[in-house]
Participant: 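Structure provided below as structure tokens; questions to follow.
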Amino acid sequence: MRLMIGKIGLAKIGEWFDRRLQLAAPIREAAEHPVPRNTASWFYVFGSAALTVFLLQLVTGILLALIYVPSAGEAWSSLQALNHQVALGWFIRAMHGWGSNFMVAIVLIHMVQVFLFGAYKFPRELTWVIGVFLLLMTLGMAFTGQVLRFDQDAYWGLGIGASISSRVPIVGPLVVKLLLGGPIIAGATLSRFFALHVFVIPGLLIAFVGLHLLMVLKLGINEWPMPGRIVRRATYEREYHALTKQEGAPFVPYAIWKDLFFAGFIILAIAACAFYFGPFGPTGQPDPTIIQTAPKPDYFFLWLYALLSLLPPAMETPFLLIGPPLAILALILLPFLSGEGEKSWKRRPIAVLTVLLIAITLGTFTRLAQFAPWSPHMNAWSGDPVPDRFIHGTTALERQGALVFQVKQCRNCHSLGETGGQRGPALDSVAVRLTRDQFIRQVIQGGGNMPAYGNNLSPAETTALVAFLETLHPAGQAPARDASREIVLRESSQKAPGTQQ
Amino acid sequence: MSTKPVIAPSTDATISRRGLFMKLGILFNGFAALVLAVPVVGFLLSSVTRGRASGYLSWVPLGPVSDFPEGETQLATFRNPYVMPTDGKTVDTACWVRRVAGDQFQVFAINCAHLGCPVRWFQQSGLFMCPCHGGAYYRDGSRASGPPERGLFEYPYKVENGLVTIQAGELPTPGATIASLTGEKPPCAS
């Protein structure tokens, strides 16, 4: 009885509000709009998952802002306080950090799904274009968020951003000052990245997400692509109408339960990662006078880090300045260039190959960047010992050469016994490839990617070093030798016996 | 009662009194926006315009000549001339000072000429190496290998009353400086 009164009371209150707000009818209409039956699929959950993670980021972001101080002098210590002093601060930081990784990943997966299912075609071109901007903003949030974690990586990452921007012709240096908010990376830089990360980009994101969703409601969700069902501007809307209004089912509850389950799963997955792996950083203090650091970007920019190391120097600036605008333009033009035709990935081999190619390229670069073979190992010369087997049974000269090899920091770029840098080739069996003369030339003049050491080695050091390098060959394999030289030496010794003792 | 609007939107070329006022109102707000835009844009660009007025570059001391042994290269730090109260530790900048001989110096920016990571000096091999993308430079700052397209940035220096002073204050970046347009000397001309 009491329950019934309560229910009636609640209904009355609801009515009172709705008479004034008049929102119940449009909300019900939106929730129960008919969708094609085959869209109630696990492939269709990534859009709502991206929205879920975005909302999660809004909540955890606001929570972090309760403690975080956007000041170059105090940001780092406020992060330390979050990690160690404020109860569960570490967990909220970890949720926000892992949430950002998940968000970039889910947005990319959503984009791939939309691309492979042909959902960008007529009449959903604008939905796709807005989606492209949403992707750019998500990446913008990831980069600006990395800056707010104001540590060594953030500081030098800003330097890299400034160096790239400075290469824009004519206005480059102006762009740098605009980006940094001053002549150097300092307080004003952090403040403006805070404004971008907390006000500007989220504001735009909310507006664009709203438009994106509105269009999904107005135009309807993309039907499951069937091979051979061709999109034509003249007939598509009629065909879609048949799929929804006649054969369709209401979105709530027919399709939404899968979205709900996946959203819950993603939130728990982020929480689990946050709990087990903890927050990201902060690494060392953002003190520019501490130079013993090897800055690396966050996970989703690692491919760029690899690319910047591996591109030929002359191609780098054109690639950086022309590549991104071209890629964005291609994405925006896509629905206008192929707005009609096949939707199914089964009939679009080039689309599938494009996705595979991009995924493999990005994956390879990301993997490479995780161990950065192009970076010298700064401490290898003092930290990595020459393995015993390389100096066992060597002469005094060769052993002296091993010392030169170590002291002159050759190990920073060359590995021996699988320790040391990987910038240059491994030298375990280098004597099989190079003769004595080639060693001397390479050491003194450099070449390829190797600096010249002529000014830094005395003749005695060079002799010792080359003597050591000549011992670096497998036991059963003879070192490289210059056959013509032996003939020349033999001939000259025959002509003048006694001079070649 | 008629539900027709009191004043129908004019379909012909004649302009109604209220229509004119609406247009004037829009124009008036456009004018107000323009008036406001001047200070707003001025504020947004302040970090750029100040740079053009050469407010950022100054001569800053690194220390007495005797601090730098001849023939050696060592790290020095200086306080950036342009400071804001919220800068914290970021105002201190490092640089590599090479005393060639006597009063002859080379002062290199810490930032790699590739993408600005901090380069480290290796005395024994006589090389600067960058930890990020593997750039390397010789002791005189010239390019040795790796992705950089040029040598290390050099600060202009002078020695006065036994004190080494450099002209600094801007982050050295590989792009061409705007100084060439304003007739200023670029901060790190090598």
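To find a chain, count down the sequence lines: A is the first, B the second, and so on, and within it residues start at 1.
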Participant: Kindly indicate, with the supporting measurements, whether the criterion side-chain contact (heavy atoms from CB on, under 4.5 Å) is fulfilled by I184(A) and Y56(B).
Facilitator: CA-CA 9 Å; I184(A) 58 164; Y56(B) 290 151; over 6 Å; no
Participant: Rounded to the nearest 0.5 Å, what separates atom CG in L180(A) from atom CD in E170(B)?
Facilitator: 10.0 Å
Participant: Counting only N and O atoms by type, is there a donor-acceptor contact under 3.5 Å from the side chain of Q409(A) to the main-chain atoms of S125(B)?
Facilitator: yes
Participant: Look at E149(B), M129(B), R120(B) and state which one has the largest set of heavy-atom pairs under 4.5 Å with chain A.
Facilitator: R120(B)
Participant: Do you know which of Y155(A), W156(A), W76(A), W381(A) has the most heavy-atom pairs with chain B at a distance under 4.5 angstrom?
Facilitator: W156(A)
Participant: On a heavy-atom basis, which atom in A144(B) and which in P451(A) lie closest, and how many Å separate them?
Facilitator: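 Taking every non-hydrogen atom into account, CB-CB, 3.6 Å.
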Participant: Measure D92(B) against the heavy atoms of chain A and call it side chain, backbone, both or neither at under 4.5 Å.
Facilitator: both
Participant: Determine the option with the most heavy-atom pairs under 4.5 angstrom with chain B, choosing from P169(A), P286(A), P288(A).
Facilitator: P288(A)
Participant: Can you see which heavy atom on L44(B) is nearest to which on L178(A), and at what distance?
Facilitator: O-CD1, 3.6 Å
Participant: Examine whether an atom of C130(B) lies under 4.5 Å from a heavy atom of chain A, and if so say whether it belongs to the side chain, the backbone or both; otherwise answer neither.
Facilitator: backbone
Participant: What's the shortest heavy-atom distance between H114(B) and L308(A), and which atoms?
Facilitator: CE1-O, 3.4 Å
Participant: At a heavy-atom distance under 4.5 Å, which candidate from P70(A), G187(A), S165(A) has the highest pair count against chain B?
Facilitator: G187(A)
Participant: Between W121(B) and I291(A), does a side-chain contact (heavy atoms from CB on, under 4.5 Å) hold up when you go through it step by step?
Facilitator: CA-CA 10 Å; W121(B) 166 245; I291(A) 61 161; over 6 Å; no
Participant: Which residue out of G146(B), G135(B), A136(B) racks up the most heavy-atom pairs below 4.5 Å with chain A?
Facilitator: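 Going by pairs under 4.5 Å, I would pick G146(B).
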Participant: Quick one, M378(A) with F122(B), criterion side-chain contact (heavy atoms from CB on, under 4.5 Å). Give me CA distance, side-chain angles, the key distance, then yes/no.
Facilitator: CA-CA 9 Å; M378(A) 301 303 232; F122(B) 288 86; 4.0 Å; yes
Participant: Out of Q285(A), M450(A), E316(A), return the one with the most heavy atom pairs under 4.5 angstrom to chain B.
Facilitator: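 The candidate making the most pairs under 4.5 Å is E316(A).
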Participant: Taking all heavy atoms of S47(B) and all of G182(A), pick out the closest pair and write down the distance.
Facilitator: CB-N, 3.5 Å
Participant: Quick one: what part of A306(A) sits under 4.5 Å from any heavy atom of chain B, side chain, backbone, both or neither?
Facilitator: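 Interface part for A306(A): neither.
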Participant: Only pairs of heavy atoms separated by less than 4.5 Å count here; which of V83(B), T77(B), L75(B), D87(B) has the most with chain A?
Facilitator: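 Result: the option with the highest number of such pairs is D87(B).
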Participant: What residue, out of A186(A), A294(A), S71(A), has the most heavy-atom pairs lying under 4.5 Å from chain B?
Facilitator: A186(A)
Participant: Can you tell which part of Y138(B) gets under 4.5 Å to a heavy atom of chain A, answering side chain, backbone, both or neither?
Facilitator: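 Contact with chain A is through the side chain of Y138(B) alone.
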Participant: Would you confirm whether S375(A), through its side chain, and C132(B), through its main-chain N or O, come within 3.5 Å as a donor-acceptor pair?
Facilitator: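 Pair found, side chain donor or acceptor close to backbone of C132(B).
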Participant: Of the backbone (N, CA, C, O) and the side chain (C-beta and beyond), which part of A372(A) lies under 4.5 Å from a heavy atom of chain B, both, or neither?
Facilitator: neither
Participant: Classify the side-chain pair N456(A)/R139(B) by whether it contains a donor and acceptor separated by less than 3.5 Å.
Facilitator: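 Side chains of N456(A) and R139(B): pair found under 3.5 Å.
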Participant: Between S145(B) (side chain only) and N449(A) (backbone N and O only), is there a donor and an acceptor less than 3.5 Å apart?
Facilitator: yes
Participant: Between S163(A) and G116(B), which heavy-atom pair has the shortest distance, and what is it?
Facilitator: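 S163(A) and G116(B) have their closest heavy atoms at OG-N, 3.6 Å.
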Participant: Applying a criterion of heavy atom separation less than 4.5 Å, what residues of residues 188-195 of chain A form contacts with chain B?
Facilitator: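 Result: A188(A), R192(A).
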Participant: P131(B) and Y305(A): which non-hydrogen atoms are nearest, and at how many Å?
Facilitator: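 Closest approach of P131(B) to Y305(A), heavy atoms only: O-OH, 4.5 Å.
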Participant: First locate atom CG of L115(B), then atom CZ of R167(A), and finally report the distance between them rounded to the nearest 0.5 Å.
Facilitator: 5.0 Å
Participant: Which of the residues L311(A), V176(A), I290(A), N412(A) is involved in the greatest number of heavy-atom pairs with chain B at under 4.5 angstrom?
Facilitator: N412(A)
Participant: Donor-acceptor pair, distance only, cut-off 3.5 Å: does the side chain of T86(B) make one with the backbone of A72(A)?
Facilitator: no
Participant: Can you pull out the residues in residues 61-71 of chain B with any heavy atom less than 4.5 Å from chain A?
Facilitator: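 Residues of residues 61-71 of chain B touching chain A at under 4.5 Å: none.
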